[in-house]
Protein chains: 2
Amino acid sequence: MAASSPPDPPRLRRTAGDRRAQLVRIGLELLPTTPVQELTIDEVARRAGISRSLLFHYFATKREYYTAVTRAAADLMLEHLLPPPGTSREEQVAGMLDRYVGWVETFRESHLAFVRGAGGGDPWVAEVYEETRERLVQVALTALELPDDARRRQLVLAWFAFTEDLVGSWADQPTMGRPELLALLRDVLDRLDVRT
Amino acid sequence: MAASSPPDPPRLRRTAGDRRAQLVRIGLELLPTTPVQELTIDEVARRAGISRSLLFHYFATKREYYTAVTRAAADLMLEHLLPPPGTSREEQVAGMLDRYVGWVETFRESHLAFVRGAGGGDPWVAEVYEETRERLVQVALTALELPDDARRRQLVLAWFAFTEDLVGSWADQPTMGRPELLALLRDVLDRLDVRT
DNA sequence: TAGCTTGTTGAGCGTTGCTCAGCAAGCCGG
DNA sequence: CCGGCTTGCTGAGCAACGCTCAACAAGCTA
């Protein structure tokens, strides 16, 4: 009796691009439940139905892998936040703020994972996070029609931290209405740039 | 010829308390250069001149160890920030703010490590961080003579995030004078609680 | 000195990041 | 149909690390 194991499905051979995309996608799916750096190669490979070795064919080190995942997450968020072309300058900031709150409300877990992973000590991940913030501050300063000097950058970045923290805890425990939250954030930002 | 290795110094036997303290101290020394969670048992044990096994005698798991280290770091900072008894309420906030900036200036690396480690995905470490923030917000609200409702807590916590971020980048690149920085931070805080 | 407590160790196991030699799927020219 | 080439892919295995366990030994007390 050839009571053999379930017939291994014929080995599937993908193009390099497909495989890479699949692996990054799996990483993104795992992000909400696992801090990026704690993704295990075993788990990812298992989900992809490939051997550990293959993952190292596409990403030389584990770090290179989860950096790619982080970058993908950042790109998703940026794509969602950036104002569509043709928006008036005034509406740009309001729109981004509104979409940001929406983003946090919708992808609470994933977003927390992204922000957390950012702080998580790994310089590579932190760099991706910084890049994202830099791109956002750039857009914000342009939309506000403010010159972009070091000082203003610092203030806007700190305001991002303020916003991130407040929106995060607000999503957990809504102590005010959504419009009020938006107005408050906007107001703090406006007051900040008034000073010199 | 007994060309033996250097005569092992007679084994030193410490009290449990001493050993624990030594291990935590070593962790604190390593903090500035290594994210807490990436401390390796090997390294710590080597520095302490003991075997890996002994560390597990005092801390059941690695996580328990680095949580203890994190808590020690938090306690050091709190001890430095909390206003000495006999300070007037008004001076308390100003004093804490001033000492916080000084703390960041002096222990830049360590403090960054603490803040980073906090975000780093590990729930236990995050909890220690949250506890610290909660204690600080408590002191702040009392000093400001403000009722401590959920909403105000959120706002003050978000202001902490603002402060942390701004002081951090300011220490890297001082775009204003120290007094101006302090005034700005204080001003933002004051304006926040005015609303409602 | 015997005996107890407890600080301490070494050997070893399972997991995980990573390497390397080589297999095999799919396409080509003949 | 065949040989050969490219390249996606695998399995065995190593080193590092977290963690366990049985046993040793330092120092106290009776």
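Quick caveat, the model's predicted, so the values are computed rather than measured. Here is the naming used below: chain letters follow the sequence lines, and residue numbers restart at 1 for every chain. Scope of the values below: all heavy atoms of this structure, side chains included, with no hydrogens, waters or symmetry mates.
- The ring pair (Phe, Tyr, Trp, His ring centres under 6.0 Å) test applied to A/Phe114 returns A/Tyr129, not counting sequence neighbours.
- Sorted by first and then second residue, the side-chain hydrogen bond (donor to acceptor under 3.5 Å, both in side chains) pairs with a member in residues 70-82 of chain A read A/Arg71-A/Glu131; sequence neighbours excluded.
- Within residues 17-38 of chain B, the residues that place at least one heavy atom under 4.0 Å from DNA chain C are, in residue-number order, B/Arg19.
- Only at 4.0 angstrom or more do the heavy atoms of residues 64-72 of chain B sit from any atom of DNA chain D, so none qualifies.
- The side chain to side chain donor-acceptor pair (under 3.5 Å) search around A/Asp122 returns A/Arg63, A/Tyr66, not counting sequence neighbours.
- When the salt bridge (Lys or Arg N to Asp or Glu O under 4.0 Å) test is applied to A/Arg14, no partner is found at least two apart in sequence or on another chain.
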What does the list of N/O pairs under 3.5 Å between the protein and nucleotides 10-15 of chain C look like, with a distance for each?
unit_1	atom_1	unit_2	atom_2	d
C/dG10	N7	B/Ser53	OG	3.3
C/dG10	O6	B/Ser53	OG	2.3

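- Residues passing the salt bridge (Lys or Arg N to Asp or Glu O under 4.0 Å) test with B/Arg20: none are found, sequence neighbours excluded.
- When the ring pair (Phe, Tyr, Trp, His ring centres under 6.0 Å) test is applied to A/Phe160, no partner is found at least two apart in sequence or on another chain.
- Summarising the geometry, the separation between NE2 on A/His57 and C1' on C/dC23 is reported as 14 Å, rounded to the nearest angstrom.
- The salt bridge (Lys or Arg N to Asp or Glu O under 4.0 Å) search around A/Arg135 returns none, not counting sequence neighbours.
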Show me, pair by pair, the donor-acceptor contacts under 3.5 angstrom made by side chains of residues 25-34 of chain B, not counting sequence neighbours?
unit_1	atom_1	unit_2	atom_2	d
B/Arg25	NE	B/Glu29	OE2	3.4
B/Thr33	OG1	B/Leu30	O	3.0
B/Thr34	OG1	B/Leu30	O	3.4

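- Axis angle, first five pairs versus last five pairs of the helix from C/dT1-D/dA30 to C/dG30-D/dC1: 20°, rounded to 10°.
- Rounded to an integer number of Å, the gap from B/Arg13 CZ to C/dG7 P is 7 Å.
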